[in-house]
Amino acid sequence: MPELPEVETVRRGLAPVMEGAVIAQADVNRPDLRWPFPENMAGRLTNQKVLGLRRRSKYILVDLEGGESLLIHLGMSGRMLISGHKTGDYHHDHPVPAKHDHVVLHLDSGVRITFNDARRFGAMDLLPTVGQEDHWLMRDLGPEPLGNNFDEAYLVERLKNRNTPIKSALLDQRIVSGLGNIYVCEVLFRAGIHPACKAGQIAAKRVSGLVPIIRAVLEEAIAAGGSSLKDYRQADGELGYFQHGFQVYDREGDPCVNPDCTAQITRIVQSGRSSFFCPQCQR
DNA sequence: CGGATGACCTGTCGGC
DNA sequence: TGCCGACAGGTCATCC
């Protein structure tokens, strides 16, 4: 699920219930996800007040009063669930964890935040809030696509002379951080660029055109998450999953959405990952 | 160095 | 119904 828009939707869903709350108890049900959890994670989270939630690329950062931040990455299958009371005292309420409920945060409000991740490609870590941009998972990230440091001149420069397919280049988090397989497919369709085009051979004008398209696709997806999920939360408390009408992703064999086009959406595999595109509209 | 591939995990789906 | 392979929204380590 989680590319930048989904992670942002999860952050927006968690923020109102977590900010200002105290983590009364943290259940850590296994020693690791993709990597081992940090030393004494449960203890370091316990009795910490949550100051705020931020996002960097696909990472959620939970700033704690004691000077550390909890880093959360959802991997491929990570989900956050909100459950329990919205008000009232903390009751030491401990339902039996569901399968793959790896970490449960019990807030002093009675609300529980559960991190569930079947494939365990997700991650959690604790790091100093100050200087966290130097953390090994974040230090090499490229600019935020919705931020001021991502612009036409930057992208043209970064793609210059690159021999890799544009699909791979846009998935490279060091160039621009936050795009994943779905939104790269959608961006390239909207830009009319074939995913196998060598990045360095695309005219600067067309590369420049990618910048506003990337921004628009991500902003529309974030907006769709907000509207389709109401307060970012589904009835079962799960955050961040919403069906957004994709124009090419997972539409192999379906007709192109362009009314002037009679072609079918095609799937190819590039560096082990599916790319969906219209062979007529994308050159 | 750049670029491609394998690896990490579990779940789901379609075909036989 | 069961079994098997293909595939899944990420990204790091390794190989050429």
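Please read all numbers here as calculations on a predicted model, not as lab measurements. Just so we're on the same page: letters track the sequence lines, and every chain starts at 1.
Taking the C1' atoms as reference points, dT12(B) lies 23 Å from dT11(C), given to the whole Å.
Ile268(A) places its CD1 atom 19 Å from the P atom of dA6(C), with the value rounded to the nearest Å. Rounded to whole Å, atom C1' of dT11(C) lies 15 Å from atom CE of Met138(A).
Side-chain atoms of Phe121(A) lie closest to dC9(B) of the nucleotides dT11(C), dG9(C), dC9(B).
Residue contacts shown for Gly272(A) are absent, as no nucleic acid heavy atom lies under 4.0 Å away. Looking at heavy-atom distances under 4.0 Å, Arg174(A) makes no contact with the nucleic acid at all.
Among Glu152(A), Glu157(A), Arg158(A), the single residue meeting the side chain to side chain donor-acceptor pair (under 3.5 Å) criterion with Tyr154(A) is Arg158(A).
Remark: dC13(B) base-pairs with dG5(C); criterion is Watson-Crick or G-U wobble with both hydrogen-bond distances under 3.5 Å.
Applying the 3.5 Å distance criterion, the base of dC9(B) shares a donor-acceptor pair with the side chain of Arg119(A).
OP1 and OP2 of dT11(C) both lie 4.0 Å or more from every side-chain N or O belonging to Arg273(A).
Checking Asp117(A) against Ser77(A) by side-chain atom types alone, a donor-acceptor pair falls below 3.5 Å. Side-chain contact of Asp27(A) with His106(A): a donor-acceptor pair under 3.5 Å is present, judged by distance alone.
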